[in-house]
Novice: 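The structure is given below, and queries will be raised subsequently.
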Amino acid sequence: MPTHFSQPDSSLNTFAPRLLTWFETNGRHDLPWQQHQTDTPNPYIVWLSEVMLQQTQVTTVLPYFARFMKSFPTVQDLAAADWDTVAEHWAGLGYYARARNLHKGAKQLVDIINETGEFPQTLAGWEAISGVGPSTAGAIMAMGLHRYGVICDGNVKRVLTRWAAIDGDITKSATTKELWALAERLTPRESSGLFAQAMMDMGATLCTRSKPACLLCPLQDDCLAHAQGRETDYPVKAKKQPKPSKFSNALLIHSIEGDILWLQRPDNGIWGGLWSLPLQFVEKINGNASVKTTGKKQAANNGKQSNVPIDVRSNEKVYEAEFTTAEQIINEWLAKNNLVTETVSNSLLTDAPIKHSLTHFHWYLQPHSLTLDAKQTAEISKALQAADINIIWLNADEAQATLGLPRAMIKVLE
DNA sequence: ATCCAGGGGA
DNA sequence: TCCCCTGGAT
């Protein structure tokens with residue numbers, strides 16, 4: 001299919017030279033994973049940093065990257081590490097499936113190196129590594145191997161939709177295709193690594209989501225969005241639907257010794273492979289997050305009214321069994337031993353001290369403590385271990401220091 | 001307080 | 001197409 005671009009050839013052809021000139025004096029050249037100033041790039045470093053940067057901003061990644069490099073200076077070190085060690089290093093970064101893919105990918109890479117003597121050298125070779133998709137593979141090719149590679153990540157999409165006034169919904173595959181075609185058309189065969197880095201720097205420092213610094217932009221002369229004063233109308237993205245809300249008790253089950261029961265979560269689903277308190281699912285409410293129940297609130301912050309009528313739209317409540325195997329075992333055991341906590345009141349929404357928002361729902365967590373005697377502690381441990389659940393009894397400080405805990409668990413402990 | 005970004009896998 | 005998680009912007 002013939003590809004049509006909204007920009008003329010003259011603009012398409014000068015895009016890269018203008019961008020690269022800007023990058024020379026205005027781009028970032030000191031990020032610890034950059035390989036553009038060496039002739040012997042290290043693909044491990046670029047792979048590791050790109051996987052981290054897939055989901056997280058540079059400033060957040062910096063300390064995590066440093067710690068990974070210190071503990072796992074080579075891909076062999078990472079491949080040989082225990083999952084729990086990797087998880088503990090990743091804890092707090094979010095999207096934990098990526099940590100699992102990173103660990104799995106390290107093992108795949110070591111196998112390939114043992115077989116061929118080197119890292120993969122092709123785009124397809126990198127895309128075959130777990131956790132590496134088209135854009136990350138392009139980045140590694142261009143910046144980690146100094147070969148030809150094209151990236152089309154969120155930064156690139158923002159720059160290109162503005163420059164070429166592409167108004168298709170970027171979550172649609174047709175628009176994705178169009179943007180990839182444009183990125184390929186613009187990427188120079190030589191110095192695609194510098195081009196990739198320059199595009200990311202443009203998106204991060206100049207062509208930002210809000211308040212883009214168009215006056216400093218090397219592309220402003222022919223930027224179609226800028227010509228119309230409509231920079232922030234791009235990229236176009238479908239409206240998100242309201243998130244459901246979910247309520248859970250977070251059980252702090254103490255032993256006589258003062259330790260707390262921790263469970264390792266299954267690989268699929270939220271916080272896969274990380275450690276968590278047992279969570280007791282209470283209910284899920286569809287619809288909007290502004291749902292309120294009547295009831296008194298703790299000291300109102302700024303004189304806002306504290307009694308709000310029930311929002312009628314919230315009345316369809318969806319009760320679902322959302323328990324892991326471990327949590328079912330614990331719930332049944334608690335019921336059998338008459339340790340069941342009182343049913344959570346319908347004021348949970350306003351009273352729950354911890355709110356954690358995820359992509360597709362809001363999660364309200366209510367910490368709840370109980371203490372078991374020695375016999376009960378042994379009994380519940382045995383029941384969980386019999387079902388092959390990984391459990392550990394640790395006090396709060398030890399858990400934070402040694403386990404991979406998601407942020408929400410840190411909030412509960414605080 | 002709420003909204004939003006971000007790439008890959010199932 | 002939906003699901004991951006957290007921090008930063010507003």
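In what follows, chains are A, B, ... by sequence order, proteins preceding strands, each numbered from 1. Bear in mind that the values here come from a model prediction, so they are computed numbers and not experimental data. The basis for the numbers below is simple: all heavy atoms, side chains too, and nothing from hydrogens, waters or symmetry mates.
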Novice: Need to verify one output field. Residue with the more 5' nearest nucleotide on DNA chain B, A:R209 or A:V132?
Specialist: A:R209
Novice: Where along residues 401-414 of chain A does a heavy atom come under 4.0 Å from DNA chain C, residue by residue in number order?
Specialist: A:P406, A:R407
Novice: Applying salt bridge (Lys or Arg N to Asp or Glu O under 4.0 Å), can you list everything that pairs with A:R265, at least two apart in sequence or on another chain?
Specialist: A:E327
Novice: Does anything in residues 401-414 of chain A pair up under side-chain hydrogen bond (donor to acceptor under 3.5 Å, both in side chains), and if so which pairs, sequence neighbours excluded?
Specialist: A:H356-A:K411
Novice: Just grab all the salt bridge (charged side-chain N to carboxylate O under 4.0 Å, His left out) pairs involving residues 194-206 of chain A, residues at least two apart or on different chains.
Specialist: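 Qualifying pairs: A:R28-A:D201.
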Novice: Show every salt bridge (charged side-chain N to carboxylate O under 4.0 Å, His left out) that has at least one partner inside residues 65-77 of chain A, sequence neighbours left out.
Specialist: A:R67-A:E88
Novice: Nearest whole angstrom, please: distance from the P of B:dG6 to the CG of A:L93.
Specialist: 16 Å
Novice: Check the distance between C:dT1's P and A:K237's NZ and give it to me in whole angstrom.
Specialist: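 That distance rounds to 14 Å.
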Novice: To the nearest angstrom, how far is A:L123 atom CG from B:dG8 atom P?
Specialist: 11 Å
Novice: Would A:F65 and A:H89 count as a close aromatic pair, with their ring centres under 6.0 Å?
Specialist: no
Novice: Rounding to an integer number of Å, can you tell me how far A:I170 CD1 sits from C:dT1 C1'?
Specialist: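 Going from CD1 in A:I170 over to C1' in C:dT1 covers 15 Å.
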Novice: Tell me every residue that passes salt bridge (Lys or Arg N to Asp or Glu O under 4.0 Å) with A:D82, counting only those two or more places apart in sequence or in another chain.
Specialist: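 Not a single residue meets the salt bridge (Lys or Arg N to Asp or Glu O under 4.0 Å) criterion with A:D82.
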Novice: Calculate the interatomic distance between A:Y96 atom OH and C:dC3 atom C1'; express it in whole Å.
Specialist: 15 Å
Novice: Atom NE2 of A:H356 and atom P of C:dC4: how far apart are they, to the nearest Å?
Specialist: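 Taking NE2 of A:H356 and P of C:dC4, I get 12 Å after rounding.
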Novice: Carefully, step by step, assess A:W363 and A:S248 under the rule side chain to side chain donor-acceptor pair (under 3.5 Å).
Specialist: CA-CA 8 Å; A:W363 207 353; A:S248 300; 2.9 Å; yes
Novice: Any pair with a residue in residues 134-159 of chain A that passes salt bridge (charged side-chain N to carboxylate O under 4.0 Å, His left out), sequence neighbours left out, goes on the list, sorted by first then second residue, please.
Specialist: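 Every pair satisfying salt bridge (charged side-chain N to carboxylate O under 4.0 Å, His left out) with a residue in residues 134-159 of chain A: there are none.
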Novice: Whole-Å distance between C:dG7 C1' and A:L62 CG?
Specialist: 14 Å
Novice: Please tell me which of A:F361 and A:T171 maps to the more 5' nucleotide of DNA chain C, matching each residue to the nucleotide holding its nearest heavy atom.
Specialist: A:T171
Novice: Does any residue of residues 151-159 of chain A have a heavy atom under 4.0 Å from DNA chain B, and if so, which ones, in number order?
Specialist: A:D153, A:G154, A:N155, A:R158
Novice: Looking at residues 50-61 of chain A, who's got a heavy atom less than 4.0 Å off DNA chain B?
Specialist: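 Those residues are A:Q54, A:Q55.
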Novice: Taking for each residue the nucleotide of DNA chain C with the nearest heavy atom, is it A:S173 or A:I270 whose nucleotide lies nearer the 5' end?
Specialist: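 First, find each residue's nearest nucleotide; the 5'-ward one identifies A:S173.
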Novice: Going by the side-chain hydrogen bond (donor to acceptor under 3.5 Å, both in side chains) test, which pairs reach into residues 226-238 of chain A, not counting sequence neighbours?
Specialist: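 Pairs touching residues 226-238 of chain A that pass the test: A:H226-A:E231, A:Q228-A:R230, A:R230-A:D233.
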Novice: Would A:H36 and A:H146 count as a close aromatic pair, with their ring centres under 6.0 Å?
Specialist: no
Novice: For A:W163, check ring-ring contact (aromatic ring centres under 6.0 Å, His included) against everything at least two apart and list the hits.
Specialist: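 Result, ring-ring contact (aromatic ring centres under 6.0 Å, His included) vs A:W163: A:F15.
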Novice: Does A:Y95 contact B:dG6 through a side-chain donor or acceptor facing the base, at a distance under 3.5 Å?
Specialist: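 Answer yes: a donor N or O sits under 3.5 Å from an acceptor.
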Novice: Rounding to an integer number of Å, can you tell me how far A:D267 CG sits from C:dC5 C1'?
Specialist: 16 Å
Novice: Among all residues two or more places apart in sequence or in another chain, which pass the side chain to side chain contact (heavy atoms under 4.5 Å, CB included) test with A:P8?
Specialist: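 Only A:S10, A:S11 meet the side chain to side chain contact (heavy atoms under 4.5 Å, CB included) criterion with A:P8.
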